[in-house]
Amino acid sequence: MKVPNHIAIILDGNGRWAKAKGMPRGYGHIKGCANLENICDDIKDLGVKYLTVYAFSTENWKRSREEVEGLMKLFRSYLKKCMKSAEKNHMRVKIIGDPSAFAPDIQEKIRELEEFSKDYDELYFQIALNYGSRDEIVRGVRKLAQDVADGKCTPSEIDESLLENYLDTAGVPDPDLLIRTSGEQRLSNFLMWQLAYTEFYFTDVPWPDFHKEDLIKAIEKYNSRDRRFGGVKEE
Ligand code: IPE
Ligand code: IPE
Ligand code: MG
């Protein structure tokens with residue numbers, strides 16, 4: 001089985017999973033968060049080199065205050081626990097998205113985790129927090145425009161690879177496989193630039209129930225596809 005170099009996952013369905021059990025949405029987030037720790041271990045075991053997960057979108061602030069506060073509490077504890085996971089799996093962790101909207105202590109935890117894990121190189125784990133693809137592109141273009149204004153580059157020098165350097169994912173190869181759990185088939189503003197040639201896999205399994213066997217099923221499906229880039233088959 002050929003294992004994708006980079007897997008991206010839209011972690012969806014925590015709320016519906018909890019509702020089906022007669023529990024509050026926050027319970028689904030707690031279980032979904034615990035599942036993320038397991039999936040990191042499984043991804044590492046399978047030999048995947050890059051994992052990117054969508055945990056909180058720029059649009060998710062619109063949810064009820066109670067839900068958003070619950071998620072912030074969860075991020076606080078998760079970012080702390082993630083250090084142990086980084087140490088165990090020798091994984092480098094990077095947050096993509098705009099952290100400036102978070103409370104100062106969350107921003108500090110993000111910095112600590114990134115600094116703590118920066119020399120690990122067995123798995124590269126990106127967590128999208130307050131991430132939106134449109135926001136990422138706008139922020140990147142703003143920085144690029146500033147560099148042009150400062151005379152660091154000229155408009156004619158702007159090409160795809162230059163623009164990529166201004167995205168949050170700079171230096172990270174594009175995902176080979178995108179998984180979205182819980183039945184929805186849309187991107188919801190996730191990695192729109194980076195997913196240009198990615199294979200998509202949708203499953204009805206809600207995120208808290210998505211385990212190693214589901215991951216293997218997704219990879220098997222990926223293996224059965226002929227990847228093409230502009231009509232040219234993958235080598
Ligand atoms: C994904 O689960 C987690 C976040 C977006 C934070 P949802 O909360 O979207 O769960 P559903 O889609 O409402 O079931
Ligand atoms: C996408 O899920 C964002 C995350 C998983 C973090 P949502 O549940 O917020 O997306 P929509 O509203 O169904 O598109
Ligand atoms: Mg959802």
Side-chain angles (χ1 to χ4, degrees), residues 6-40 43 50-82 93-103 106-107 109-110 113 125-139 167-169 172 175 177-195 198 200-211 214-215 218:
H6 184 172
I7 297 183
I9 311 179
I10 300 177
L11 315 174
D12 200 16
N14 293 348
R16 279 165 283 171
W17 178 87
K19 192 171 174 221
K21 292 192 150 30
M23 298 295 281
R25 295 178 60 82
Y27 178 70
H29 294 316
I30 290 169
K31 291 295 178 186
C33 193
N35 194 40
L36 184 55
E37 292 181 53
N38 298 333
I39 285 287
C40 270
I43 284 273
Y50 296 85
L51 170 66
T52 303
V53 300
Y54 202 10
F56 192 82
S57 76
T58 46
E59 287 72 32
N60 286 150
W61 296 106
K62 295 181 196 142
R63 295 186 179 197
S64 75
R65 213 183 81 174
E66 186 194 359
E67 184 170 354
V68 170
E69 275 173 10
L71 284 165
M72 295 303 135
K73 213 170 132 195
L74 203 54
F75 295 157
R76 286 186 172 92
S77 65
Y78 177 76
L79 290 164
K80 231 160 103 185
K81 270 194 254 164
C82 197
V93 188
K94 177 98 198 299
I95 295 339
I96 58 168
D98 180 4
S100 69
F102 292 116
I106 295 185
Q107 295 186 42
K109 283 191 173 66
I110 289 173
L113 177 59
F125 180 36
Q126 299 187 112
I127 311 171
L129 286 180
N130 189 28
Y131 176 89
S133 205
R134 290 178 176 173
D135 179 64
E136 176 191 36
I137 292 169
V138 168
R139 284 185 289 105
L167 299 179
D168 297 342
T169 53
V172 171
L177 172 64
L178 169 81
I179 298 170
R180 182 165 186 156
T181 57
S182 212
E184 308 305 330
Q185 303 195 357
R186 57 178 168 267
L187 286 183
S188 303
N189 205 5
F190 189 45
L191 301 178
M192 290 182 318
W193 172 284
Q194 298 85 343
L195 296 174
T198 302
F200 289 7
Y201 177 84
F202 298 106
T203 172
D204 288 338
V205 176
W207 173 249
D209 282 341
F210 187 90
H211 303 308
D214 302 293
L215 189 60

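For reference, positions follow the sequence shown, starting with 1. Counting starts at 1 for both ligands and their atoms, in listed order.
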Report the part of [X] in contact with ligand 2, treating N, CA, C, O as backbone and CB onward as side chain, heavy atoms under 4.0 Å; options are side chain, backbone, both, neither.
X	result
R186	side chain
N60	side chain
A55	backbone
F190	neither
R180	side chain

Could you tell me which non-hydrogen atom of L11 sits nearest to which non-hydrogen atom of T181, and how far apart they are?
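Heavy-atom minimum between the residues: C-OG1, 4.0 Å.
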Search all heavy atoms of I10 against all heavy atoms of L187 and return the closest pair with its distance.
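Closest heavy-atom pair between I10 and L187: CD1-O, 3.8 Å.
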Distance from [atom] to nearest protein heavy atom, with residue and atom:
atom	answer
atom 1 (C) of ligand 2	S188 CB, 3.9 Å
atom 10 (O) of ligand 1	G15 N, 2.9 Å
atom 5 (C) of ligand 2	L11 O, 3.3 Å

Lys/Arg N to Asp/Glu carboxylate O, K94 vs D168, below 4.0 Å
no
Test your reading of the model: is there a side-chain donor-acceptor pair from [X] to the backbone of [Y], 3.5 Å cut-off?
X	Y	result
S64	E67	yes
N189	S133	yes
N38	H211	no
N35	G32	no

I'd like the name of whichever of Y131, W207, Y54 reaches closest to atom 3 (C) of ligand 2 through any heavy atom.
Y54
Are side-chain N/O atoms of R180 and S188 paired as donor and acceptor at under 3.5 Å?
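S188 and R180 do have a side-chain donor-acceptor pair below 3.5 Å.
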Looking just at side-chain N and O atoms, do Q126 and Y50 make a donor-acceptor pair shorter than 3.5 Å?
no
Between F202 and F200, how do the two ring planes meet: parallel, tilted or perpendicular, split at 30° and 60°?
perpendicular
Using the ring of each side chain (for Trp, its six-membered ring), is W61 parallel, tilted or perpendicular to F102, with breaks at 30° and 60°?
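The arrangement is tilted - the two ring planes meet at 30° to 60°.
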Do any heavy atoms of S182 fall under 4.0 Å from ligand 1?
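No; S182 lies far enough from ligand 1 that no heavy-atom distance drops under 4.0 Å.
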Y131 OH to T58 OG1 distance, which is reported to the nearest 0.5 Å
9.0 Å
Kindly compute the distance separating CZ (R25) from CD1 (I30), expressed to the nearest 0.5 Å.
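These two atoms lie 13.0 Å from each other.
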Nitrogen or oxygen atoms of R25 and ligand 1 under 3.5 Å apart:
yes
Going by the atom numbers of ligand 2, which of them fall below 4.0 Å from some non-hydrogen atom of [X]?
X	answer
R63	7 (P), 8 (O), 9 (O)
F56	6 (C)
I10	5 (C)

Go around the Mg ion (ligand 3) and count every protein N, O or S atom nearer than 2.8 Å.
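Count of protein N, O, S atoms less than 2.8 Å from the Mg ion (ligand 3): 1.
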Run the numbers for me: atoms of ligand 1, each under 4.0 Å from some heavy atom of R16, listed by number.
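Those qualifying, in numeric order: 11 (P), 12 (O), 14 (O).
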Does NZ in K109 sit with more than 12 non-hydrogen atoms of other residues, nucleotides or ligands closer than 6.0 Å?
yes
Side chain, backbone, both or neither: which part of H29 comes within less than 4.0 Å of ligand 1 when only heavy atoms are counted?
side chain
Say whether S57, considering both its backbone and side-chain N or O atoms, lies within less than 3.5 Å of an N or O atom on ligand 2.
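No, S57 has no N/O under 3.5 Å of an N/O on ligand 2.
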